[in-house]
Every structure is written in C-alpha cells, then in structure tokens.
Amino acid sequence: MAMEKDKHYLIGVFSDHDDLLHGIEDMRAKGVKIHEVYSPYPVHGLEHALGYKRSWMPKAAFGFGALGTTLAITMQVSMMAIDWPMIIGGKSYLAVPDFVPVSFEMTVLLAAFGMVGTFLVTRDLKPYKVPRIFDIRATDDKHIVAVDLAANKLSEEQISSLFKEAHAEEVYRRDFADEEKSPSFISYMVDLFTNGVTRSSRISTHR
Amino acid sequence: MQIISEVREPLVTGGKTIKDVTNDIARHVENQPTRLWFICMAISIILLGTGGYFVGDLAWNGIGRWGLNKTVQWAWDITNFVWWVGIGHAGTLISAILLLFRQKWRTSINRAAEAMTIFAVICAAFWPVIHMGRPWVGAYWVLPLPNTFGSLWVNFNSPLLWDVFAISTYFSVSLVFWYVGLIPDFATIRDRATSAASRFFYGILSFGWTGSAKDWMHYEAVSLILAGLSTPLVLSVHTIVSFDFATSVIPGWHTTIFPPYFVAGAIFSGFAMVLTLMLVIRKVYRLEDYITMEHIEMMNIIIIVTGSIVGIAYTTEFFIAWYSGVEYEQYAFINRATGPYWWAYWAMMTCNVISPQLFWIKKIRTSLVWTFFLSIIVNIGMWFERFVIIVTSLHRDYLPSSWVYFTPTIHDIMSYVFTFGLFFSLFFLFAKFFPVVNMAEVKAVLKDSNSKVYRARRTLVNEPLPQLEENTVEAK
C-alpha cells in the first residue's frame with residue numbers, strides 16, 4: 001500500500017554561501033519560517049541568520065569535566081589515603097601533587113566523552129539512523145533550504161518567488177510521508193540491503 | 001567558483017570547486033585500490049607477520065629474549081614507546097592547537113595526521129604492555145580495579161601509573177576527535193555510494209548525518225571544545241611520559257627541563273613523520289592541489305622551531321649538569337658525549353640539531369626531495385635521542401663493576417619491526433577506506449583561502465598565474 005505523502009516542503013538550492021546567508025535573512029524578515037538548512041560544510045553565521053540559540057555543548061563539557069575531576073579526586077583519596085594507606089617512597093598518604101596528573105586526565109576524558117555523547121544523543125545521531133534527506137547534494141556541493149509549506153502562511157508561489165529573489169539556483173517541491181516513528185534496527189538493516197541506507201523514497205532524484 | 005585571495009597563497013590550488021573537492025577525495029575511497037597500494041599493504045603485512053612471530057615468541061618465552069641486562073633494564077622497549085608517542089603528537093597539534101589558532105592551512109592535512117596519531121599511540125601502547133612480561137595480566141595490574149588480593153590498589157604516586165591514564169586518555173580522546181571529524185565526510189561518501197556494501201558500511205559510519213544547520217552548529221562547538229581539551233592533553237601526555245624519567249634519581253634522568261623538552265621533541269618528530277607520510281600520500285593520491293608547497297613549507301618552519309628548541313634543551317642539560325656541581329650528573333653527561341655510546345649521541349646531535357637548520361634555506365624547505373630526506377633524518381635522530389637518554393644513563397651506574405654495554409638482539413629489532421608493520425598496515429587501510437583529506441573543512445576554507453591581490457602580487461613578482469578554470473573570478 002502506497003503511503004500517503006502528507007508533508008510538503010519547498011526546497012531552495014544555493015551554491016554560494018553568501019547568497020544563502022543574505023537570502024535567509026531576507027526571507028525570514030518577510031515572514032518565511034524556514035524548516036532547516038542543509039550544507040556540505042559549516043557556514044559561519046548561518047545559525048544567527050536562522051535565529052538559533054547558541055550551542056549549549058560547552059556547558060555539557062564543563063559539567064562532565066567537573067564530574068571527572070570529582071571522581072578522580074574521590075577515587076585517589078579513598079584508595080590511597082582511606083582504604084589502603086601506605087607510605088611509598090617517603091610520600092604521605094595524601095600526596096595531593098601526585099594526584100594532579102590522573103585528576104587532569106580524568107577531567108579531560110569525561111569532558112570529551114560526555115560532551116560527544118551528549119551531542120550524539122541530542123542530535124539523534126546513531127549508526128542505524130535513517131536520515132531524511134531532502135536533496136542528496138547537501139553533502140556534496142549545494143546548500144539546501146527546506147521550507148515546510150504547512151508551517152507557513154505564505155503560499156507556495158510566494159515562497160518560491162522569494163527564493164528566486166534570494167538567488168536560489170533551483171526551487172522545487174518535495175513531498176514526504178510523515179513517519180513519526182523511527183524504523184527499528186532490523187527493518188533498517190533490511191532496508192539497507194534492499195534500497196540503500198537512505199531509503200529510496202527519501203532520496204531526491206536531484207543529483 | 002573560485003575567488004582568488006588578497007594576502008596569501010591559496011590553500012587549495014588548481015581552481016578547485018566544491019564539487020571538485022568531493023570528487024577528488026571521495027574518488028580514492030570509491031575506486032579500486034591501485035597496484036602501488038597493494039604493494040605497500042603487502043610489505044606492511046609482511047613486516048607485521050614476521051615481527052608478529054617474534055612478538056609471539058616474546059610472549060611465550062619472556063622478555064629475557066631482549067638484550068636487557070643487569071643495569072640496562074629499559075632499552076629499545078621504552079625508547080620505542082617514547083618515540084611512538086612522540087610521533088603521535090603532531091596529529092593532535094595540527095588538529096587541535098592549529099584549530100584554536102585559526103590556522104586554516106591545517107585543513108588539508110589534519111585528517112591523515114590525526115590517523116597517524118591514533119596508529120602511533122597504538123604502537124606506543126604495545127611497548128609498555130609487552131614490557132610487563134605477562135601482558136595478559138597487564139590490565140589487571142595497572143587499572144584501579146578491585147582485586148582478589150584484598151583492598152590493594154594501584155599506586156597513584158607512580159609516574160608509570162600516570163602514564164597509563166595519560167596514554168589511554170590521549171588515545172581515546174584523539175579517537176573520538178578524529179571520528180567526529182569523519183562523520184560528515186562519511187555522509188558524503190554514503191550519498192555517493194553506488195554499491196550496497198558501501199551504502200551499508202558508510203551508512204553505519206555516518207551516523208545518519210544530514211548536514212543540517214543545527215547539527216553543524218553543535219558539531220562546531222564540539223570540535224572547538226575537543227580542540228581546547230586536546231591542547232593541554234597533548235602537552236600533558238609527553239610531560240607525563242617525561243616524568244617517568246624526571247621524577248627518578250638516576251643521573252641523566254633527574255632533569256627538570258624534561259617536560260618542555262619532551263613536548264618540543266615530540267612535536268618535532270611528529271611533524272617529521274607527518275611530512276614523510278604526506279609527501280607519499282600527496283604523490284600516490286595526486287593531492288598536489290590540496291597539500292601544496294605552502295603546507296610543506298609551513299611544516300618545515302615548525303620543524304626549524306621545534307628542532308631549535310630541542311637543541312637548546314640539549315645544551316641546557318649539559319649546562320645544568322655542570323652547574324649542579326654533582327659529579328655523578330657531570331659524569332653521566334660527559335659519558336654520553338665521549339663514552340661507549342658516543343656514536344649514538346653524535347648521531348642524535350647531527351640529525352636533530354644540525355640537519356633541521358638546513359630548512360632556513362628557502363630552496364631546501366621548498367624542495368620535496370630535501371623535505372622527504374630530512375624528515376626521515378629527524379625521525380632517526382629522535383629515536384636516538386630517546387635511546388641516548390635511556391641507555392647511556394643506565395649502562396654505567398655507581399658501581400663500575402656492574403658497568404655493561406647494551407646490544408640489541410634480533411628480538412629487540414623484530415619487535416620494533418612489528419610496530420612498523422602494525423602502523424603502516426593501519427595507515428594504508430585508513431588511506432584506502434577513509435577520506436584522507438577532511439572534505440567538509442576544505443570546502444569551508446575554499447572560498448576564504450583565495451584572494452584578489454594574489455593575482456596582482458603574482459603579476460608584481462612576474463610569476464605566471466596558475467592555470468585556473470573558467471569559473472574562477474577575482475573578488476571585487
């Protein structure tokens with residue numbers, strides 16, 4: 001049974017990232033709500049143009065780093081000074097300067113792993129994720145701007161003409177079936193072998 | 001469209017477009033390996049296999065097979081350990097410190113340099129593990145795990161335990177940093193894949209990356225913080241490795257200059273290895289437009305700087321040995337230069353202090369042949385540095401009756417060969433299956449890296465302009 005395609009997007013394709021930035025600013029000023037922009041590389045200033053809040057990854061890193069320091073100091077003090085106090089090489093049980101290297105390493109270790117884990121979890125990046133790909137050129141050489149037609153008051157024609165004013169090279173419509181549930185791991189694996197990682201229904205013909 | 005920059009040489013030459021970057025880099029992953037790759041891989045596997053036989057023998061019969069003797073209880077094992085860790089440092093330096101300093105020239109070389117770091121640290125970790133004699137219980141002894149002997153814990157006062165934490169943290173953080181950087185490029189290859197196997201393989205590896213603006217925003221924050229974490233980490237790792245020696249009481253080791261000296265030496269040898277590998281990859285994969293003479297010259301300049309720091313460190317050690325007034329310390333250093341291992345000391349001085357100074361001459365530092373030759377010389381010199389520190393300090397102790405001369409056995413040599421086989425096998429596998437240049441980062445600097453006055457400057461110095469594509473324009 002063919003799935004009903006009930007999500008409608010207007011896609012604008014840009015080559016130049018300056019056109020993209022100015023175009024997005026103009027379109028947002030004229031009341032267009034942009035669903036998301038996909039780029040092959042990070043475009044500086046894009047997050048500001050889209051009105052995104054600053055990344056909170058530094059806070060996650062700090063939190064995990066602080067946890068690492070606390071764990072390291074607790075571990076060393078409890079093992080060396082409380083559980084098995086022993087004088088080695090004339091050093092005291094609580095040889096604080098000697099605890100610095102391990103404390104530092106554990107701070108870095110937990111900060112790095114904690115932050116990257118947070119990044120992967122919050123951005124829902126995982127090995128068996130099926131991404132919704134609006135245009136396959138987004139990982140190659142084009143910037144792809146997706147506008148959800150249902151979320152906008154402007155008509156498809158109006159948005160299309162705004163895209164053209166913003167120097168979009170190409171404007172076209174994509175329709176998707178709205179799948180709220182992610183596929184299971186097994187169905188994903190089956191899908192990989194039959195249709196490729198990005199399901200055929202989701203791959204744009206625009207290459 | 002390529003725009004030519006105003007103030008500096010372009011980072012990517014040949015009038016490349018963003019599409020060209022994808023095609024040029026992804027092509028090596030998508031195409032069948034070349035015959036040269038098979039030859040290199042075969043040689044690496046032979047080294048790995050023959051060396052592996054001797055490593056198996058060491059595990060079976062014990063490290064008495066090595067040439068260690070009554071005073072020289074560390075020799076090639078710890079020399080190789082420190083050398084391999086040092087090799088790894090350039091990768092982190094390029095990816096982290098140069099990222100923090102906004103050095104855009106790092107983008108073409110950071111991926112391969114980080115891969116080199118990871119493989120070099122694997123080779124480094126092999127040495128202390130095998131050196132423990134019974135590696136199968138190594139993890140049990142060095143990690144703070146509850147054990148069956150009662151509440152007995154590892155010794156957190158020991159620099160050798162600090163090493164365990166330093167190297168394992170360094171390895172895992174470098175691996176994560178490298179992998180996070182690879183995700184967008186895996187997505188590029190996934191979206192170009194034509195075979196089911198590549199779609200499957202790169203689909204898994206790319207973690208469902210789409211390149212959305214939100215993903216990129218968090219990704220950049222993560223990269224920057226990982227760089228910020230890795231920078232002190234890379235300095236701490238070799239500092240801690242130097243503590244293995246500096247916190248002891250052995251004349252020749254008990255030296256406060258060791259931490260900065262070891263870090264500078266590590267960057268020095270690491271950059272030399274990056275150069276050796278980059279020159280090969282550049283040629284084999286025809287990446288001359290991405291790894292330009294500008295990149296090679298910049299790395300050669302870093303080699304001059306770090307080589308000079310190392311030279312100053314050698315001199316300072318001698319001065320402090322004399323200035324300390326401790327006769328044992330003075331003897332240790334005179335013995336290094338004039339004793340039975342004089343040849344190793346002077347090989348070190350020639351390779352590390354004299355030869356890099358040749359890079360002051362522009363013709364030499366912009367010559368591929370000279371760069372390749374000197375990069376190997378520097379690596380030989382840095383191996384000798386660690387050998388001199390370890391063996392010359394140990395072979396003559398306070399009792400002349402126990403003075404000995406260390407000579408390596410075939411087992412010393414072949415276990416070193418094993419790590420070469422391991423390193424190159426991993427590196428060639430990486431070079432075939434992973435993108436060797438960071439496509440996303442190169443694309444990001446492509447536009448900024450080129451200039452409008454570049455053309456004017458070339459004209460001023462009467463240099464011909466490079467052949468650019470029709471779609472190349474000058475910025476207004």
Side-chain angles (χ1 to χ4, degrees), chain A residues 15-17 36-43 46-47 50 52 54-55 57-58 61 65 75-76 79-80 83-84 88-89 91 95 98-99 101-102 104-106 108-109 111-113 115-116 119-120 122-134 136 138-141 192-193 196-198, chain B residues 1 17-19 22 144 151-158 161-162 165-166 169 172-173 176-177 180 183-184 187-188 190-193 196 199-200 202-222 225-226 229 232-233 236 240 243 439-441 443-444 447:
Chain A
S15 275
D16 187 277
H17 64 233
E36 186 53 287
V37 178
Y38 300 89
S39 299
Y41 57 87
V43 177
L46 186 58
E47 64 277 14
L50 286 165
Y52 292 160
R54 217 177 144 188
S55 171
M57 289 302 150
M75 174 180 76
Q76 292 174 97
M79 289 177 188
M80 300 299 289
D83 194 38
W84 194 258
I88 303 164
K91 293 169 183 171
D98 290 358
F99 296 165
V102 170
F104 170 78
E105 300 298 336
M106 281 193 67
V108 170
L109 186 72
F113 272 76
M115 178 183 57
V116 171
F119 167 64
L120 296 177
T122 54
R123 297 310 305 148
D124 192 30
L125 296 171
K126 54 194 173 196
Y128 56 91
K129 182 188 171 189
V130 180
R132 169 169 286 179
I133 299 213
F134 285 88
I136 212 152
T139 51
D140 185 359
D141 62 338
L192 271 174
F193 282 108
V197 70
T198 48
Chain B
M1 180 172 67
T17 62
I18 292 176
K19 181 91 187 161
T22 314
S151 51
L152 179 67
W153 298 109
V154 287
N155 179 13
F156 285 102
N157 297 328
S158 164
L161 185 68
W162 304 345
F165 278 84
T169 301
S172 37
V173 172
V176 165
F177 197 7
V180 168
I183 289 176
T188 304
R190 171 200 68 196
D191 291 347
R192 288 165 55 95
R199 277 197 298 260
F200 175 76
Y202 294 106
I204 296 278
L205 291 174
S206 64
F207 276 47
W209 178 266
T210 56
S212 75
K214 230 172 223 164
D215 283 351
W216 276 122
M217 179 179 77
H218 291 299
Y219 170 94
E220 283 210 282
V222 165
I225 297 163
L226 279 177
L229 291 169
L233 183 65
S236 82
I240 292 175
F243 285 165
M439 288 189 269
E441 287 197 11
K443 286 172 187 173
K447 191 168 173 179

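- Smallest separation of non-hydrogen atoms from A:Pro42 and B:Ala440: CD-O, 4.5 Å.
- At least one side-chain heavy atom of B:Ser172 sits under 4.5 Å from a side-chain heavy atom of A:Leu109.
- Of the listed residues (A:Ala138, A:Pro40, A:Gly65, A:Ser15), the greatest number of heavy-atom pairs within a distance under 4.5 Å of chain B belongs to A:Pro40.
- The distance from the CD atom of A:Glu36 to the OG1 atom of B:Thr210 is 7.0 Å, given to the nearest 0.5 Å.
- For A:Met80, the part sitting under 4.5 Å from any heavy atom of chain B is the side chain, from C-beta outward, and nothing else.
- Using a 4.5 Å heavy-atom cutoff, the side chains of A:Val43 and B:Trp216 are not in contact.
- Interface remark: B:Phe177 contributes no atoms to any contact with chain A (heavy atom separation under 4.5 Å).
- In this structure, chain B has a heavy atom under 4.5 Å from the side chain of A:Ala61, while its backbone stays farther away.
- Contact annotation: the side chain of A:Met115 approaches that of B:Ile225 to within less than 4.5 Å [non-hydrogen atoms, C-beta and beyond].
- The side-chain heavy atoms of A:Asp98 and B:Phe156, taken from C-beta on, include no pair separated by under 4.5 Å.
- For the pair B:Phe165 and A:Pro101, the minimum side-chain heavy-atom distance is 4.5 Å or more.
- In this structure, the side chains of A:Arg123 and B:Ser212 come closer than 4.5 Å at one or more pairs of heavy atoms.
- B:Val176 touches chain A through its side chain: at least one heavy atom from C-beta onward sits under 4.5 Å away, while N, CA, C and O do not.
- Interatomic distance, NE2 of B:His218 versus CG of A:Leu120, reported as 12.0 Å (0.5 Å rounding).
- One distance of note links CG of A:Leu125 with CD1 of B:Ile183; it measures 6.5 Å at 0.5 Å rounding.
- If you tally non-hydrogen atom pairs under 4.5 Å between each of B:Lys214, B:Met217, B:Glu220 and chain A, the highest count goes to B:Lys214.
- Counting heavy atoms from C-beta on, the side chains of B:Leu226 and A:Val116 come closer than 4.5 Å.
- Note that the CD1 atom of A:Ile136 and the OG1 atom of B:Thr188 stand 10.5 Å from one another [nearest 0.5 Å].
- Taking NZ of B:Lys443 as the reference point, atom OG1 of A:Thr139 lies at 7.0 Å (rounded to 0.5 Å).
- Among all heavy-atom pairs drawn from A:Pro131 and B:Gly208, the shortest one is CB-O, 3.5 Å.
- Most heavy-atom pairs under 4.5 Å with chain B: of the set A:Met75, A:Glu47, A:Met79, A:Met57, this distinction falls to A:Met79.
- Within the 4.5 Å cutoff, the side chain of A:Met106 has no heavy atoms near those of the B:Thr169 side chain.
- Counting heavy-atom pairs closer than 4.5 Å to chain A, the top residue among B:Val154, B:Asp215, B:Val180 is B:Asp215.
- Contacts with chain B were tallied for A:Leu46, A:Thr122, A:Val102; A:Val102 has the most, counting heavy-atom pairs under 4.5 Å.
- Rounding to the nearest 0.5 Å places CD of A:Gln76 at 9.0 Å from CG of B:Asn157.
- In terms of non-hydrogen atom pairs under 4.5 Å with chain A, the most contact-rich of B:Leu205, B:Thr22, B:Leu161 is B:Thr22.
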